[in-house]
K.L.:
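Take this structure first; my questions come after.
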Amino acid sequence: MPPIHRRLVVNGITLSTFEWGAGREARSGTILLAHATGFHARCWDRVVAHLDAHHVIAVDQRGHGRSDKAFPIHWQDFGQDLAGLIRALDLTDVIGVGHSMGGHAITQAAAAEPQRFRRLVLIDPVIVSPEEYAAAGGATLASAWQHPTAKRRNHWASADEMFERFKDRPPFAAWDRNVLRDYCEYGLLPDPSGNGLVLACPPEFEAAVYMAARGNAGVYDSVRALDVPVLLVRVMEPPPDRNWMDFRYSPTWPGLIDHFRSGREIHLPDETHFLPMEKPEFVATLIAEKGV
């Protein structure tokens, strides 16, 4: 069944959500899915397909998908948005799942609304070391236009054109084909000019999010405050000579697990940061805790 699409006003902006399995929450709780920078809620579709006994909600975070494109950006905003969404929907018994930036956000949301969460699954969250946050000295958006993602191609004739362009290029070539289809199909919106389609996450917004990534040292207050079980998944670590625009490598500090009160880590040194896109069935297994 296709998901139910809703739009809710939270923290002064409109967030877009997609819901599967309405009515199952009393039996299974709610799985809340938060995506990575530059992605959208429907990138989770193939994971959700393996969670068909559960109640699932995926959110387009601010600036992404069909949610409002709201500037300025601080990474605290994403966590506050999710906490507000949880309150607006009155969700309880939540399994919070976040990939990359979504893992950073779901950590903050769970710390803000601890009584509403059962556990967390953080898939390679963008939480770096305290020292790296201190060295960054706070968020910086002034140079966002200098970030390479700001120059990303924004205009497309169709989702098919986007798919054909990406399917044989890294990192997309390693993705599950259906996930890539969903990424393209739901990652475009009509161009306001009436000429073709544009990215649902504008390149300048994505660039600004990346440039602000080291500006939220306060995430460690949330990490230490959490009193729910946390499954932390880390993937391959970057080599010393890594190209900083090669997003296959983990952005997660290896020492992070020690700062959770109740944390368990799975390290997958042969997997990439795009684990949900490459192995959606395996990620669903981690979420459902079957055989893990």
K.L.:
How far apart are the C-alpha atoms of E19 and H5, what are their side-chain angles, what is the distance that settles it, and do they pass the side chain to side chain donor-acceptor pair (under 3.5 Å) test?
P.N.:
CA-CA 7 Å; E19 179 182 21; H5 182 211; over 6 Å; no
K.L.:
Please name the pair of heavy atoms, one in L120 and one in T107, separated by the smallest distance, quoted to 0.1 Å.
P.N.:
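Between these two residues, the closest heavy atoms are CD1-CA, 4.3 Å.
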K.L.:
Under the criterion salt bridge (charged side-chain N to carboxylate O under 4.0 Å, His left out), I'd like the reasoning laid out for R214 against E132: C-alpha separation, chi angles, the key distance, then a yes or no.
P.N.:
CA-CA 7 Å; R214 301 298 185 266; E132 193 168 346; 2.8 Å; yes
K.L.:
Less than 6.0 angstrom separating the ring centers of F274 and H99, yes or no?
P.N.:
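Aromatic pair excluded; centres sit 6.0 Å or further apart.
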K.L.:
Ring centres under 6.0 Å, that's the criterion: do W44 and H35 meet it?
P.N.:
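No.
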K.L.:
Inspect the contact between D60 and R7 and indicate whether a charged nitrogen and a carboxylate oxygen are less than 4.0 angstrom apart.
P.N.:
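Here R7 does not pair with D60 in a salt bridge, since their nearest N and O are not under 4.0 Å apart.
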K.L.:
Give a yes or no on whether the ring-centroid distance for H259 and Y220 is below 6.0 angstrom.
P.N.:
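Centroid separation for H259 and Y220: below 6.0 Å.
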K.L.:
Using the rule that two of Ile, Leu, Val, Met, Phe, Trp, Tyr join whenever any of their side-chain heavy atoms come within less than 4.5 Å, decide whether V128 and L232 are in one cluster.
P.N.:
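V128 and L232: one cluster.
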K.L.:
Is the closest side-chain donor-acceptor distance between S250 and H273 under 3.5 Å?
P.N.:
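No, no side-chain donor-acceptor pair sits under 3.5 Å.
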K.L.:
What is the ring orientation for W20 with F18, classed by angle as parallel under 30°, tilted 30 to 60°, or perpendicular over 60°?
P.N.:
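Tilted, since the angle between the ring planes falls between 30° and 60°.
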K.L.:
Please name the pair of heavy atoms, one in S158 and one in E161, separated by the smallest distance, quoted to 0.1 Å.
P.N.:
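Of all heavy-atom pairs spanning S158 and E161, the closest is OG-N, 3.1 Å.
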K.L.:
Would you name the heavy atoms of H104 and V126 that are closest together and state the gap between them?
P.N.:
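Minimum heavy-atom contact is ND1-O, 2.7 Å.
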K.L.:
With ILVMFWY side chains joined below 4.5 Å, transitively, what does M236's cluster contain besides itself?
P.N.:
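M236 clusters with Y249.
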K.L.:
Determine whether V235 and I257 fall in the same hydrophobic cluster, where Ile, Leu, Val, Met, Phe, Trp and Tyr are linked whenever their side-chain heavy atoms lie under 4.5 Å apart.
P.N.:
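No; I257 is not reachable from V235 via cluster members.
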K.L.:
Output all residues satisfying side chain to side chain donor-acceptor pair (under 3.5 Å) with R234, sequence neighbours left out; order by chain, then residue number.
P.N.:
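R234 satisfies side chain to side chain donor-acceptor pair (under 3.5 Å) with E237, E265 only.
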K.L.:
Which atom names give the shortest non-hydrogen contact between V179 and C43, and what distance separates them?
P.N.:
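Of all heavy-atom pairs spanning V179 and C43, the closest is CG1-O, 4.1 Å.
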K.L.:
If every non-hydrogen atom of L275 is compared with every non-hydrogen atom of V233, which pair is closest and at what distance?
P.N.:
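Shortest heavy-atom separation between L275 and V233 comes out as CD2-CG1, 4.1 Å.
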K.L.:
With sequence neighbours left out, write down each residue that passes salt bridge (charged side-chain N to carboxylate O under 4.0 Å, His left out) with R177, or none if nothing qualifies.
P.N.:
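By the salt bridge (charged side-chain N to carboxylate O under 4.0 Å, His left out) rule, R177 matches no residue at all.
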K.L.:
Does R46 form a salt bridge (charged side-chain N to carboxylate O under 4.0 Å, His left out) with D182? I'd like the steps, not just the answer.
P.N.:
CA-CA 9 Å; R46 306 302 158 171; D182 293 335; 2.8 Å; yes
K.L.:
With no hydrogens and no angle check, is any side-chain donor or acceptor of H74 less than 3.5 Å from a backbone partner on G215?
P.N.:
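Here the side-chain-to-backbone pair exists.
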K.L.:
Thinking salt bridges, do D90 and R116 make one under a 4.0 Å N-O criterion?
P.N.:
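A salt bridge links D90 with R116.
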K.L.:
Checking N216 against Q108 for the side chain to side chain donor-acceptor pair (under 3.5 Å) test, could you report, in this order, the C-alpha distance in whole Å, the side-chain angles of both residues, the deciding distance, and whether it holds?
P.N.:
CA-CA 11 Å; N216 187 28; Q108 295 179 98; 2.9 Å; yes
K.L.:
Testing R119, R27, R118 for salt bridge (Lys or Arg N to Asp or Glu O under 4.0 Å) with D93, which one passes?
P.N.:
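Single salt bridge (Lys or Arg N to Asp or Glu O under 4.0 Å) partner of D93 among R119, R27, R118: R118.
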K.L.:
For A212 and I73, work out which heavy atoms get closest and say how close.
P.N.:
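In terms of heavy atoms, the two residues are closest at CB-O, 4.2 Å.
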K.L.:
May I ask you to check whether F247 and Y210 place their ring centers less than 6.0 Å from one another?
P.N.:
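Here the rings of Y210 and F247 have centres that are less than 6.0 Å from each other.
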K.L.:
Go through the steps to decide whether F172 and Y183 satisfy the test ring-ring contact (aromatic ring centres under 6.0 Å, His included), and finish with yes or no.
P.N.:
CA-CA 10 Å; F172 308 102; Y183 171 73; 5.8 Å; yes
K.L.:
Pair T272, E278 - check side chain to side chain donor-acceptor pair (under 3.5 Å), show working.
P.N.:
CA-CA 8 Å; T272 83; E278 295 171 357; 2.9 Å; yes
K.L.:
Between H40 and R42 (side chain of the first, backbone of the second, donor and acceptor by atom type, cut-off under 3.5 Å), is there such a pair?
P.N.:
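Yes, the answer is positive, given that a donor and an acceptor are paired below the 3.5 Å cut-off.
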K.L.:
Got a salt bridge between K279 and E271, using NZ or NE/NH1/NH2 to carboxylate O under 4.0 Å?
P.N.:
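Here K279 pairs with E271 in a salt bridge, since their nearest N and O are under 4.0 Å apart.
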